[in-house]
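Note sheet for the following structure.
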Amino acid sequence: MKVACFQGFHMSKQFDVIVIGGGPGGYIAAIRAAQLGFSVACVDEWKNDKGGPAPGGTCTNVGCIPSKALLQSSEHFEQANHHFADHGISLKDLSMDVSKMVARKDTVVKQNNDGILYLFKKNKVSFFHGRGSFAKAVEGGYEILVSGAREESLVGKQIVLATGSNARALPGTPFDEKLVLSNDGALRIGAVPKKLALIGSGVIGLEMGSVWRRLGADVTILEGLPTFLGAVDEQIAKEAKKAFDKQGLKIELGVKVGEIQTGEAGVSIAYTNAKGEAQTLEADKLIVSIGRVPNTIGLNPEAVGLALDERGAIVVDGECRTNLPGVWAVGDVVRGPMLAHKAEEEGVAVAERIAGQHGHVNFNTIPWVIYTSPEIAWVGRTEQQLKADGVKYKAGTFPFMANGRARALGDTTGMVKFLADAVSDEILGVHIVGPMASELIAEAVVAMEFRASSEDIARICHAHPSLSEATKEAALAVDKRTLNF
Ligand code: FAD
Ligand code: NAI
């Protein structure tokens, strides 16, 4: 970092690269840029409960990490409540201390915040806690103002914007985080609600709905679309829905949400069901999980003429270049799936492009995971997409019911499904619903990245007994030669 008198007015700290936003897109871009020899600043405004820095963005503070901590705690409770007895383990007076569960989640979050601060130190990334906004374009770069506990002026030759996204509210129903909750409030519920309503049965709806159902809440999810998990392979979505129905997670499809009223008794949601009948759902709390919107609040894009699209996302090309020279944008604030690993990949690629290297993000091999039980994971195209694209394909499935490890685990729900090109046998999509799908999908991602065929996977030796044998068997099923089913 250099300190220079900038245009005679104030002292600006100068950097090769300034990253605005310290979520997975931003902090990873900052570290990679520092590894490549640049002087790097990362500006992030997230505050912890004490007002201190909490880098890691949505993912670390109110997203991936805390939701997975609660999913784990609640799954332990579910297992102890309903499944330990199958193993001969009996428990008396089982109880759930929600405040302890939430405190544990907060500790996990803090470990991740601290880990990022440590990584910044290790990689010599200068961290600024505060809001970063464009002041103006200057010769050879941009001036960024940081407003936090102290005001700072920074000048960067290259700027990487990674300002993430915010929860979308229902029109006319703002989040109060007490009765009407975004993902933030949903992760801070202090006691198990008797009745919990959710609007939107997407990723957050299913994950958060699962947490509180496992802990004893009566959970109803209202979904606007007539199909369940429309982006997921239909066969997999159907299998998942069967499992959720069995668990008692109520999902009403094809509803039209009307007026929402809050009062002392909780929340009342008027809606029309799929048959067109007027209904009212009463609940203690409501989680609204109807998607997220790109966040550029506070960036002051007008100061430099940064182009946004009609959704408010920063406009970028295939390589994350904005309309301004030397300004890049990555992660949730640009097009593409709102996933932490997608943001990270873009962050690395941008740092490498700044260094004149060939950064690489393959949008066809970005995996998706929904961390419910059973887990749902996929990569590549679904059967319905292949049909729509007119691609001739072969399909192979293998149920966990026929997998020895799944039987030993006592978790035999679901299947692995392979879709391969009918002529070349190249793998076009892999879809899993079942135990540890989040881990199993990695093999499929590697295979697709290397443009493997289903026969390649079928010929690879997989450890026995392991869930991954179901992957090999599904690959064999493409050629109609499973060995264990
Ligand atoms: P963010 O993580 O949103 O980070 C942006 C950062 O920029 C924030 O810290 C913000 O405070 C800061 N910022 C914004 N504007 C400014 C400014 N002007 N100045 C300074 N700082 C600023 N994805 C997965 O892949 N797996 C999951 O399991 C998963 N679970 C999720 C669970 C929930 C409940 C939610 C809500 C999301 C989940 N996601 C998950 C999505 C994931 O969190 C996002 O895709 C990811 O965080 C996007 O990273 P990002 O770096 O683009 O933005
Ligand atoms: P989502 O896009 O996954 O699901 C939103 C759902 O709400 C959709 O099914 C949609 O049809 C429905 N919907 C929209 N408007 C509605 C309305 N007015 N009435 C009823 N239903 C309505 O969005 P969600 O769950 O809010 O999550 C946001 C994003 O966060 C995800 O898309 C994902 O990118 C990310 N995320 C990722 C996770 C993971 O990777 N495991 C976990 C949680 C979030």
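Both ligands and their constituent atoms are indexed starting at 1 by order of listing. Here the structure is a predicted model, which is why all the values come from computation and not from measurement.
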Within the 3.5 Å criterion, strictly below it, is a donor on Glu443 or Ser468 matched to an acceptor on the partner's side chain? no
Contacting atoms of ligand 1, where contact means under 4.0 angstrom from a heavy atom of Val43: 20 (C), 21 (N)
Quick one: does Pro66 get within less than 4.0 Å of ligand 1, heavy atoms only? no
Around atom 7 (O) of ligand 1, find the nearest protein heavy atom and jot down its residue, atom name and distance. Gly21 CA, 3.2 Å
Against ligand 1, does Tyr27 come closer than 4.0 Å with any heavy atom? no
From Thr163, Leu339, Val146, Thr58 - option closest to atom 2 (O) of ligand 1 by heavy atom: Thr58
Answer with yes or no whether Val369 contacts ligand 1, where contact means a heavy atom under 4.0 Å from a ligand atom. no
Give the residue and atom name of whichever protein heavy atom lies nearest to atom 24 (C) of ligand 1, and the separation in Å to one decimal. Ala340 N, 3.5 Å
Structural part of Lys68 in contact with ligand 1, heavy atom criterion under 4.0 angstrom: side chain
So which of Pro24, Pro337, Gly23 gets nearest to atom 49 (O) of ligand 1, if we judge by its closest heavy atom? Pro24
Charged N to carboxylate O under 4.0 angstrom, Glu282 versus Lys195? no
Could you work out, for atom 41 (C) of ligand 1, the closest of Arg131, Glu45, Met338, His129 by heavy-atom distance? Met338
What protein heavy atom is closest to atom 18 (N) of ligand 1, reported as residue, atom name and distance in Å? Gly132 O, 2.9 Å
Within ligand 1, which atoms have a heavy atom of Asn295 less than 4.0 Å away? 14 (C), 15 (N)
Say whether Asn61 and Asn113, considering side chains only, have a donor N or O and an acceptor N or O under 3.5 Å apart. yes
Report, as yes or no, whether the 6.0 Å neighbourhood of atom NZ on Lys68 holds more than 12 heavy atoms from other residues, nucleotides or ligands. yes
Determine, for Arg188 against Glu177, whether the closest basic-nitrogen to carboxylate-oxygen distance falls under 4.0 angstrom. no
I want to know if ligand 1 touches Val333 in the polar sense, i.e. an N/O pair below 3.5 angstrom. no
If every non-hydrogen atom of Asp218 is compared with every non-hydrogen atom of Lys250, which pair is closest and at what distance? OD1-NZ, 2.6 Å
Would you say the side chains of Gln235 and Glu239 form a donor-acceptor pair under 3.5 Å? no
Could you check which of Ile144, Leu71, Asn183, Asp44 puts a non-hydrogen atom nearest to atom 36 (C) of ligand 1? Asn183
Provide, line by line, the atom pairs where ligand 2 and the protein bring an N/O atom each to a distance under 3.5 Å; else say none.
| residue | atom | partner | partner atom | Å |
| --- | --- | --- | --- | --- |
| ligand 2 | 3 (O) | Val203 | N | 3.1 |
| ligand 2 | 9 (O) | Glu223 | OE1 | 2.7 |
| ligand 2 | 9 (O) | Glu223 | OE2 | 3.2 |
| ligand 2 | 11 (O) | Glu223 | OE2 | 2.6 |
| ligand 2 | 21 (N) | Gly224 | N | 3.0 |
| ligand 2 | 23 (O) | Gly291 | N | 3.3 |
| ligand 2 | 25 (O) | Val203 | N | 3.3 |
| ligand 2 | 25 (O) | Ile204 | N | 2.9 |
| ligand 2 | 26 (O) | Gly291 | N | 2.8 |
| ligand 2 | 34 (O) | Met338 | O | 2.6 |
| ligand 2 | 40 (O) | Val369 | O | 3.4 |
| ligand 2 | 41 (N) | Glu207 | OE2 | 2.9 |
| ligand 2 | 41 (N) | Val369 | O | 2.7 |

Are any of the N/O atoms in Leu299 less than 3.5 Å from those in ligand 1? no
Contact region, Ile20 to ligand 1, non-hydrogen atoms below 4.0 Å, reads side chain
Below a 4.0 angstrom heavy-atom separation, can you tell me which part of Arg292, side chain or backbone, both or neither, approaches ligand 1? side chain
Hydrogens and angles aside, do Glu449 and Thr365 bring a side-chain donor and acceptor to less than 3.5 Å of each other? yes
Counting only heavy atoms not in Asp49 (residues, nucleotides, ligands), do more than 12 fall under 6.0 Å from its CG? no
Quick one: which of Cys59, Gly56, Gly63, Gly148 has a heavy atom closest to atom 37 (C) of ligand 1? Gly63
If we count only N and O atoms by modelled type, under 3.5 Å, do the side chains of Asp332 and Ser165 hold a donor and an acceptor together? yes
Ranking Cys64, Gly25, Gly26 by closest non-hydrogen atom to atom 38 (C) of ligand 1, top hit is Cys64
Salt-bridge present (Glu302, Lys136; N to O < 4.0 Å): no
Less than 3.5 Å apart, any donor N or O on the side chain of Arg292 or Asn183 sitting next to an acceptor on the other? yes
Does Glu344 come within less than 4.0 Å of Lys342, counting only side-chain N to carboxylate O? no
Selected option - heavy-atom contact closest to atom 5 (C) of ligand 1, from Gly347, Ser289, Cys42, Ala162: Ala162
Ser165, portion touching ligand 1 at heavy-atom distance under 4.0 Å: backbone
With nothing but distance in play, are any N or O atoms of Ser67 less than 3.5 Å from an N or O of ligand 1? no
Between Arg214 and Glu78 (salt bridge meaning N to carboxylate O under 4.0 Å), is one present in this structure? no
Just jot down the ligand 1 atoms closer than 4.0 angstrom to any heavy atom of Gly130, in number order. 19 (N), 20 (C)
